[in-house]
Amino acid sequence: MPELPEVETIVRDLRPELTGRQIIKATLSHDDVLRDVTRQRLVRSLAGARIEDVKRRAKHAVFELDRGRLVIQPGMSGSFLIHDQDLTAEESKYAVLRATLDDGRILVYRDVRRLGTILLLNDGAWADYDAALGPEPLDASLRPAKFAARLGRSRAAIKKVLMDQRMVVGVGNIYANEALFAARIDPSRPATKVKPEEYRELLKHVRRILKAAITSKGTTLRDYRTGTGERGAFQFELLVYDRAGEPCRVCGTRISTTHEIDARSTFFCHRCQR
DNA sequence: ACGAGGTCCTGCGAGC
DNA sequence: TGCTCGCAGGACCTCG
């Protein structure tokens, strides 16, 4: 679920609530979301930690602590919410991580499918992790030529490459479909065959769409909620995603769908996108 | 070296 | 109604 706009929305909601707060106690309901950290170490490290800032990197929410970083990648169904009081049975069902704050509220990471991951990284480990991720698409220092050079090296389908977090971060299945439609590029085209001017257009539309989605607080298809529990609204602005068989907003041709690219659902207009 | 495909997990809707 | 199947916004791993 959460791609860049969704995680950005969550982080913007959480930051003012959490900055400066201290975690009194933390509990974890399932170990299978942990990566390179044991439950015992996570829980012990969080107890007493002060939250200095909350940031986003790629599709990760990064909680900067006075003792390292709690990094959560919400996967397909992860969400965050700050509760004022103890959780009801219903709210507890998918609560994976709970952190009780010094003001009595409880920060909860909820994840129905638990495909998300939780990491606890010191400065060195974070530097390595960060370095393995591609550039931020909204960072102005990512020039079109660099974008084209990075992606254009792969013979894989442009859609798969655009979603590869080592190439450029933050773009998932929804926004890859939307950006390729806007840039009029066939998602199955090998990235090596996409021309420099097309990469320029693609980057322009990736940026435009991600920014518009942030303005709309993300896309809620099912699980995604903002950091205050609201639904996003960008699902009403999607032009191709989940519109198989419906008319193209540009030319009226029926939108096509396939699973041939990386086994992910792809939506496109075979007339507009070449 | 790279691409294809399976894997992790639960819920939901479609179809029988 | 109740069951099975396929699919879901992500990313990792192994195999050939």
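Here the structure is a predicted model, which is why all the values come from computation and not from measurement. Numbered from 1 within each chain, the chains take letters A, B, ... in sequence-line order.
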Under 4.0 Å, counting only non-hydrogen atoms across every strand here, what does [X] touch: a base, just sugar-phosphate, or nothing?
| X | answer |
| --- | --- |
| A:Asp32 | sugar-phosphate |
| A:Ser265 | sugar-phosphate |
| A:Arg153 | nothing |
| A:Tyr175 | nothing |
| A:His30 | nothing |

Does a nitrogen or oxygen in the side chain of [X] sit under 4.0 Å from OP1 or OP2 of [N]?
| X | N | value |
| --- | --- | --- |
| A:His259 | B:dA4 | no |
| A:Arg113 | C:dA8 | no |
| A:Lys59 | C:dG10 | yes |

Whole-Å distance separating the [atom1] atom of [X] from the [atom2] atom of [N]:
| X | N | atom1 | atom2 | answer |
| --- | --- | --- | --- | --- |
| A:Glu260 | B:dG5 | CD | C1' | 14 Å |
| A:Leu34 | B:dC8 | CG | P | 17 Å |
| A:Lys160 | B:dG5 | NZ | P | 11 Å |
| A:Arg166 | C:dG10 | CZ | P | 15 Å |
| A:Arg264 | B:dT7 | CZ | P | 17 Å |
| A:Met163 | C:dG10 | CE | P | 5 Å |
| A:Met76 | C:dC12 | CE | P | 14 Å |
| A:Ile158 | B:dG3 | CD1 | P | 12 Å |

message = Can you classify the ring geometry of A:Phe80 versus A:Tyr109 as parallel (below 30°), tilted (30 to 60°) or perpendicular (above 60°)?
response =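 The arrangement is tilted - the two ring planes meet at 30° to 60°.
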
Counting side-chain heavy atoms from C-beta on, which of [options] comes nearest to [X]?
| X | options | result |
| --- | --- | --- |
| A:Val112 | B:dT10, C:dG10, C:dC12 | B:dT10 |
| A:Glu3 | B:dG3, C:dA8, C:dG10 | C:dG10 |
| A:Arg114 | B:dC2, B:dT10, C:dA11 | B:dT10 |
| A:Leu115 | B:dC9, C:dA8, B:dC2 | B:dC9 |

Exercise: do [X] and [Y] side chains pair donor with acceptor under 3.5 Å:
| X | Y | result |
| --- | --- | --- |
| A:Thr219 | A:Tyr175 | yes |
| A:His60 | A:Arg57 | no |
| A:Glu260 | A:Thr266 | no |

DNA chain B-proximal residues of residues 118-135 of chain A, any heavy atom under 4.0 Å =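 Per residue number, the list is empty: none.
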
task = Specify the closest pair of heavy atoms between A:Pro137 and A:Leu203, including all atoms of both residues, with the distance to one decimal.
result =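 Looks like O-CD1, 4.3 Å.
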
ask   = For the residue pair A:Asp13 and A:Thr228, what are the closest heavy atoms and their distance?
value =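 That would be OD2-N, 3.6 Å.
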
key: Salt bridge flag under 4.0 Å for residues A:Glu17 and A:Arg105   =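 A salt bridge is present here (some side-chain N lies under 4.0 Å from a carboxylate O).
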
request  = Report the C-alpha separation of A:Ser188 and A:Lys159 in whole Å, then their side-chain angles, then the decisive distance to 0.1 Å, and conclude whether the side-chain hydrogen bond (donor to acceptor under 3.5 Å, both in side chains) test is met.
outcome  = CA-CA 7 Å; A:Ser188 67; A:Lys159 175 167 176 268; over 6 Å; no

task = Return the nucleotide paired to C:dC5: Watson-Crick means purine N1 to pyrimidine N3 with N6-O4 or O6-N4, wobble means G-U with N1-O2 and O6-N3, both under 3.5 Å.
result =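 B:dG13 - that is the nucleotide pairing with C:dC5, both distances being under 3.5 Å.
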
